[in-house]
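Following: one structure in structure tokens, then a few remarks.
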Amino acid sequence: MIEKLNPQQREAVTLEPQHALVLAGAGSGKTRVLITRMAWLIQNGQASPFGLLAVTFTNKAAREMLTRITAILPIDTRGLWVGTFHGLCNRLLRAHHRDAGLPQAFQILDTADQLAAIKRLLKANGIDDEKFPPRDVQRFINGAKEEGQRPDDVEVWDSHRRRLVEIYQLYEAQCQREGVVDFPELLLRAYELLSRNAPVREHYQRRFRHILVDEFQDTNTLQYKWLRLLAGGGAYIFAVGDDDQSIYAFRGANVGNMADFERDYAHGTVIRLEQNYRSYGHILDAANALIDHNSGRLGKNLWTEQGEGEPIRVIEQPSDGMEAHWIVDEIRALVADGRARREIAVLYRSNAQSRVLEHGLFSSGIPYKVYGGLRFFERQEIKHALAYLRLLANPDDDTSWMRVVNFPARGIGARTLEQQADAARSQDTSLYGAVARVPGKGGANLAQFATLIQRMAEDTRQLPLPEMVEHVLHASGLLDHYKGEREGAERIENLNELITAAAVFASEENFDGLPGGVVPRSEPVTDAATGEVLPGAPADGGLTPLAAFLSHAALEAGDNQAEAGQDAVQLMTVHAAKGLEFDAVFITGLEEGLFPHENSLLEQSGLEEERRLMYVAITRARERLYLSLAQSRMLHGQTRYAMRSRFLTEIPEQHLKWLTPRTGGGSQGYGASQGGYGEDRWSGASRDAFGRKPTGTAAPRAPRSVSSGVTVGDRQFRIGMGVRHARFGDGTIVGLSGSGQDAQAQIQFRDVGTKTLALGIAKLDVIAG
């Protein structure tokens with residue numbers, strides 16, 4: 001059982017009964033140690049199977065633990081207490097429901113059910129849901145419970161917070177009356193049961209002599225208090241975790257629990273699992289150097305016997321589109337070299353980044369899977385936004401009508417929609433056409449919604465496609481709605497990325513500057529007065545830009561997502577990647593404000609959590625690791641210029657291999673190129689100036705703004721140059737194409753957005769650069 005363990009693993013497994021903290025680095029075999037520890041305690045008579053309590057953070061981990069322990073010992077696992085905090089607390093409360101003040105058949109509210117209950121409560125008590133948005137109330141209640149606070153325990157400092165506490169009291173009374181509990185209540189109620197009922201507490205303290213906790217760095221305040229209570233009768237806590245992988249502060253995780261545990265219990269009994277069985281030396285040394293910039297660490301240094309392996313490849317591209325194209329080309333090369341697509345992962349800090357990557361994979365016909373989430377065009381908020389846009393193009397679209405007629409909520413209930421559907425059938429018309437035939441207040445609300453659609457269509461008809469999308473996001477109320485959600489920031493990022501998707505589509509299909517709701521002209525025209533280039537018709541002649549974009553979104557949503565079991569590239573956020581590993585990993589978007597995220601830069605603790613997140617990302621790779629960034633990125637439909645992430649400077653040079661020269665990158669000045677473009681040591685293929693391997697196929701169409709400079713007459717124009725136009729004002733050149741008198745510039749103007757100007761006609765004054 002312990003013969004194949006390394007010395008540190010063996011020390012942890014065979015430790016005499018005492019409190020211990022096992023600092024288990026990434027890829028160090030922590031699950032194996034935890035399971036073997038349980039088996040060793042049982043086999044050596046130090047504990048019975050029923051005297052162990054093992055806590056995990058996911059049901060999947062709990063099932064795996066039970067499966068693996070039965071493979072070591074022939075025992076009946078039905079009596080074992082192995083599960084998540086919520087699962088174990090539910091089991092405890094079921095056994096002692098009377099002592100806990102609960103009915104025997106109490107029901108558990110999931111997050112959606114809890115929100116519905118809060119909405120019902122607010123309505124029943126006449127509470128203004130604009131002053132007290134249901135999601136804000138839900139956040140407040142759950143936050144208080146996770147800190148172990150009932151309404152009387154919550155500190156009050158103003159009238160608004162006092163009212164929130166009153167709502168919390170009403171909510172508790174409602175749940176008690178209905179015999180239901182939410183997820184945070186499971187843990188709080190179980191903690192209160194043990195703390196207030198001495199016979200029950202002492203029974204479990206006598207029963208569980210050994211408490212084993214996985215992923216200890218992810219525990220919150222109340223979970224740690226619950227563990228301490230159970231251990232109060234002399235049980236031994238065996239806590240396994242890694243403070244360097246604590247990345248869930250936004251869920252309430254408290255990385256400080258590890259230091260508190262060492263002080264409260266371990267008293268120096270800290271075992272470090274530092275030998276890594278996953279990655280090569282360059283990857284581990286880079287991770288060690290990066291995380292060493294964090295303060296207050298418990299300290300550990302990963303190492304391997306597998307050798308150095310290949311250095312980490314770094315690629316810097318002019319734009320996010322070109323970054324995605326390069327990644328797609330490299331994935332092709334990896335697959336051609338025999339790598340399974342499922343062993344290739346592309347990681348990103350923010351969900352919104354997946355859109356440009358998905359587009360590149362879709363265009364290249366490479367199957368992919370978004371792990372732990374939905375593809376961009378399948379996400380709830382995107383489907384809502386597209387439904388509004390489809391109604392602008394065609395108000396008779398009943399499917400889109402039904403999706404958003406009451407989203408955000410506007411007082412249109414099921415009965416009203418039934419009446420509308422009946423009227424539509426009787427008149428053989430669409431739902432939109434039947435609005436006038438629905439009586440009463442419901443009919444009036446339907447008429448208001450129809451008017452909203454009409455007004456948005458009129459207001460946006462002459463707007464360019466990206467501005468049309470932006471207007472709809474605001475006018476529909478979608479952005480305001482998601483501002484009130486707990487995870488609303490991520491949904492808003494995705495909605496803003498939809499504006500970018502529209503801008504990129506308009507550029508690629510020659511719709512730049514054209515009104516989104518108007519069929520384009522057949523020939524391009526240049527305004528002689530301003531020099532503005534008015535693009536011609538796209539390939540899909542006769543379609544408005546909006547209709548063409550909606551077709552594009554539907555096609556991308558419908559294809560290329562891998563079927564179950566199909567070999568596919570894995571796309572995911574870094575948070576979703578925790579616990580996974582792959583042969584080849586791409587970490588994308590390494591730019592200041594993106595990774596580390598701009599929200600983290602205001603305080604030290606936020607930046608340190610971002611660094612831990614980067615540490616997790618790096619240690620997902622077994623053999624090959626890529627770091628990529630873009631000098632410019634489309635955000636909210638506009639080009640933004642970026643600085644390289646500080647994390648790149650925190651990794652020692654000897655572990656990096658730049659596939660592009662290091663003289664670029666704007667204001668950060670990283671010095672001279674380190675060895676040029678180099679050669680790919682995995683496949684031996686030489687690379688071009690962008691670090692790409694020749695594939696024998698045509699390269700993807702690059703964005704139009706790829707030239708660094710053009711000359712028109714005796715004047716030189718380059719990307720990044722500040723210019724002034726008599727009508728459009730001040731702006732910055734973000735793209736150049738053509739040459740001589742045929743040269744054109746894409747200019748991001750401060751007040752009027754992006755315009756494409758013919759440089760031979762437009763009268764531009766240089767104002768900077």
Side-chain angles (χ1 to χ4, degrees), residues 1-44 46-47 49 51-75 77 80-84 210-219 236-246 258 261 266 269-280 283-284 287 298 300-306 343 577-583 615-616 619-623:
M1 181 166 55
I2 64 173
E3 295 78 13
K4 295 183 179 180
L5 302 179
N6 67 38
Q8 292 74 33
Q9 291 174 331
R10 191 177 301 116
E11 179 188 1
V13 167
T14 61
L15 191 70
E16 290 303 310
Q18 59 186 291
H19 298 295
L21 176 61
V22 179
L23 281 179
S28 63
K30 73 173 180 65
T31 304
R32 182 180 187 183
V33 165
L34 198 61
I35 292 169
T36 310
R37 170 69 173 174
M38 294 174 66
W40 188 86
L41 288 170
I42 295 170
Q43 192 175 61
N44 286 273
Q46 297 198 27
L52 297 176
L53 178 72
V55 188
T56 69
F57 266 82
T58 66
N59 290 315
K60 179 181 177 182
R63 288 192 297 269
E64 180 185 358
M65 190 175 290
L66 290 171
T67 300
R68 290 174 63 173
I69 198 169
T70 54
I72 301 174
L73 294 176
I75 60 174
T77 61
L80 288 176
W81 280 58
V82 176
T84 64
H210 293 271
I211 301 172
L212 301 95
V213 188
D214 192 13
E215 304 286 7
F216 189 75
Q217 76 279 352
D218 293 334
T219 54
Y236 302 108
I237 300 179
F238 186 83
V240 181
D242 183 2
D243 57 326
D244 291 334
Q245 295 189 72
S246 179
M258 296 194 76
F261 177 78
T269 305
V270 178
I271 301 171
R272 290 172 170 80
L273 304 184
E274 298 174 299
Q275 183 174 357
N276 178 282
Y277 294 92
R278 175 187 300 161
S279 309
Y280 284 104
I283 294 170
L284 297 180
L298 296 175
K300 109 188 142 299
N301 207 52
L302 296 177
W303 61 276
T304 182
E305 293 180 341
Q306 298 185 90
E343 290 298 343
K578 187 171 181 290
L580 305 177
E581 55 187 77
F582 304 91
D583 285 349
Y615 176 85
V616 167
T619 54
R620 299 310 94 198
R622 296 191 193 104
E623 301 176 22

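Please read all numbers here as calculations on a predicted model, not as lab measurements.
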Is the side chain of [X] donor-acceptor paired with the backbone N or O of [Y] at a distance under 3.5 Å, no angle test?
X	Y	value
Gln217	Asp242	yes
Thr70	Thr67	yes
Glu274	Gly25	no

Show your working on side chain to side chain contact (heavy atoms under 4.5 Å, CB included) between Met38 and Val82 and close with a plain yes or no.
-> CA-CA 11 Å; Met38 294 174 66; Val82 176; 4.1 Å; yes
Is any side-chain heavy atom of [X] closer than 4.5 Å to a side-chain heavy atom of [Y]?
X	Y	result
Thr619	Ile283	no
Arg32	Leu5	yes
Leu23	Asp243	yes
Thr31	Arg68	yes
Ile72	Ile35	yes
Val55	Phe216	no
Thr56	Glu64	no
Leu15	Thr269	yes

Out of curiosity, [X] [atom1] to [Y] [atom2], how far, rounded to the nearest 0.5 Å?
X	Y	atom1	atom2	answer
Glu305	Tyr277	CD	OH	7.0 Å
Gln275	Gln306	CD	CD	9.0 Å
Thr219	Phe261	OG1	CZ	10.0 Å
Leu52	Ile69	CG	CD1	7.0 Å
Leu298	Arg272	CG	CZ	7.0 Å
Asn276	Asn301	CG	CG	11.5 Å

ring-ring contact (aromatic ring centres under 6.0 Å, His included) partner of His210, chosen from Tyr236, Trp81, Trp40 =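 The single option meeting the ring-ring contact (aromatic ring centres under 6.0 Å, His included) with His210 is Tyr236.
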If the condition is salt bridge (charged side-chain N to carboxylate O under 4.0 Å, His left out), which residues does [X] pass it with, not counting sequence neighbours?
X	result
Asp218	Lys578
Arg63	none
Glu581	Arg278, Arg622

Which residues pass the side-chain hydrogen bond (donor to acceptor under 3.5 Å, both in side chains) test with Thr14, sequence neighbours left out?
->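 Expected list: none.
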Can you name the residues that form a side-chain hydrogen bond (donor to acceptor under 3.5 Å, both in side chains) with Arg620, not counting sequence neighbours?
->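 Testing Arg620 for side-chain hydrogen bond (donor to acceptor under 3.5 Å, both in side chains), a comparison that skips the adjacent residues, returns Gln245.
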Test side-chain contact (heavy atoms from CB on, under 4.5 Å) applied to Leu273 and Leu302, Val22, Val240, the passing residue =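 The option that passes is Val22.
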Kindly state each residue pair satisfying salt bridge (Lys or Arg N to Asp or Glu O under 4.0 Å) with at least one member in residues 13-30, sequence neighbours excluded.
->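 Sorted result for residues 13-30: Lys30-Asp214, Lys30-Glu215.
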